[in-house]
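This structure is a prediction, so every number in the text was calculated from the model and none was measured. For the numbers below, each heavy atom of this structure counts, side chains included, while hydrogens, waters and symmetry mates do not. Chain A is the first sequence line, chain B the second, and so forth, proteins listed ahead of strands; every chain is numbered from 1.
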Protein chains: 2
Amino acid sequence: MQARLDAQREALLAAAVALLSEQGYAGCSVVGVAARAGVSTGSVYRYFPGKAELVVEVFRGLVGREVQAVEQAADGPGDLIDRVVAIVETFANRALKAPRLAFALLAEPVDAPVEAERLVFRQVFQQAFARHVTEAVKAGVLPPQEAAITAAALVGAVAEVLVGPLSAGVASADTVPNLVRFTLRALGADDAAHS
Amino acid sequence: MQARLDAQREALLAAAVALLSEQGYAGCSVVGVAARAGVSTGSVYRYFPGKAELVVEVFRGLVGREVQAVEQAADGPGDLIDRVVAIVETFANRALKAPRLAFALLAEPVDAPVEAERLVFRQVFQQAFARHVTEAVKAGVLPPQEAAITAAALVGAVAEVLVGPLSAGVASADTVPNLVRFTLRALGADDAAHS
DNA sequence: GTCTATATGCAGATAGAC
DNA sequence: GTCTATCTGCATATAGAC
């Protein structure tokens, strides 16, 4: 029945996630995913039009979770600036907990369809930042600034600072605090208030 | 004689640069480069062990020029903070003048050997930032901070802010000024002094 | 519906004629 | 030394048996 079909589909997606988490995109070949899921390569094409669609769906699912986590954190307690900080902290801490996967999602070389998806999600994160920065500027707790630029710059900054530790596999304990201090300065927030 | 051999080698490199500038890595196949240089594909292998070596050499040459330009700008007149700003401005302005090429060097998906080279050069830029930030902190014109983190974050910020305009092909006239303002805030420099 | 085996397409690399 | 033509390897995708 339908449930069984869906189960196979899910099994393939789960296998792809597992391989991605362990070996990055290299392990994510059709043959690899099929083997991991315990089916033949041919069967993969019963559930997905092709490799691109499978990988993109995996990517979307994983990054979607991150987006949710970040947005939930941004809705937590604290003032407007705390919310921006919460985005940075949540994003960074989650990434450092699953380094191989985070590297794959953030920076690993991928082919065009997945890269396109990556750009989309970077924009989603930028918008999350921009929304809160705009509010904070309006409220007068941050100096006037082009929110879109600040947001893009913060996304780039967080990603770049994390890529080193992520590819090395380990991060210094104060990477995240340092990143937060950078963020506060970049926003133009008064350091003393949030140190 | 030897000069003629070297000339062919240079012609191949030049062809690769041209293709990279116009079409990115897609145009940079062995067949494409050979055609552009007016030689057969087989001949490419008289001058280079393989595609990877050719492309990496092209990449190194191009990015090396950017590094030089940035370091020269950082040695110009002005105080310590001006030097960091000069790095950002020089880098951004040069990138926006050759968008397709800059995108290829900065962000376009590439295969592993070139990506490795890209990481190397991001670190070179980071070190350029870090050197000047460290000095400025010592001199007391910037607040205490982990220079390596600030440097990595700035590299990421600049790259991310540029990627949008670069892939779109056009940038707003005040992208660079906004980027400079972000940089000054992120450094912890007093805005009033450099606006 | 799932398997095995094979086809297809591409890009990098090589061999042998000239 | 350079060309044309070919080969190889890989990963995606398909066909046909069960």
Subject >> Minimum side-chain heavy-atom gap A/Arg185-B/Thr150 below 4.5 Å >> reply: yes
Quickly work out the [X] [atom1] to [N] [atom2] distance and round it to whole Å.
| X | N | atom1 | atom2 | answer |
| --- | --- | --- | --- | --- |
| A/Asp111 | D/dA11 | CG | P | 12 Å |
| B/Leu54 | C/dA13 | CG | P | 10 Å |
| A/Leu12 | D/dT12 | CG | C1' | 15 Å |
| A/Lys51 | D/dT14 | NZ | P | 15 Å |
| A/Glu53 | D/dT12 | CD | C1' | 12 Å |
| A/Arg46 | D/dT14 | CZ | P | 11 Å |
| B/Tyr45 | C/dA13 | OH | P | 4 Å |

With A/Ile81 as partner, the option from A/Val133, A/Thr183, A/Val141 fulfilling side chain to side chain contact (heavy atoms under 4.5 Å, CB included) is A/Val141
Pair B/Arg100, B/Glu108 - check salt bridge (charged side-chain N to carboxylate O under 4.0 Å, His left out), show working. CA-CA 10 Å; B/Arg100 188 68 191 80; B/Glu108 190 177 347; 3.4 Å; yes
* Asked: Taking B/Glu89 for the side chain and B/Val176 for the main chain, is one N or O donor matched with an acceptor at less than 3.5 Å?
  -> no
So, the side chain of A/Ser167 versus the backbone of A/Gly164: is there a donor-acceptor pair under 3.5 Å, distance only?
yes
*When you check the gap from the basic side-chain N to the acidic O, do B/Arg118 and B/Glu115 get nearer than 4.0 Å?*
yes
Less than 4.0 angstrom from a charged side-chain N to a carboxylate O is my criterion; do A/Arg131 and A/Glu71 meet it? yes
Ranking D/dA5, D/dC3, C/dG12 by distance to the side chain of B/Ser43, first place goes to D/dC3
Of the candidates D/dT12, D/dT2, C/dG12, the side chain of A/Val30 sits closest to D/dT12
Heavy atoms under 4.0 Å, any strand shown: does [X] hit a base, just sugar-phosphate, or nothing?
| X | answer |
| --- | --- |
| B/Phe48 | nothing |
| A/Val39 | sugar-phosphate |
| B/Ser40 | base |
| B/Gly32 | nothing |

Rounded to 10°, the helix from C/dG1-D/dC18 to C/dC18-D/dG1 deviates from straight, judged by its five-pair end axes, by 30°
>> For a quick test of reading the model: is some side-chain N or O of A/Tyr25 closer than 4.0 Å to OP1 or OP2 of D/dA11?
In response: no
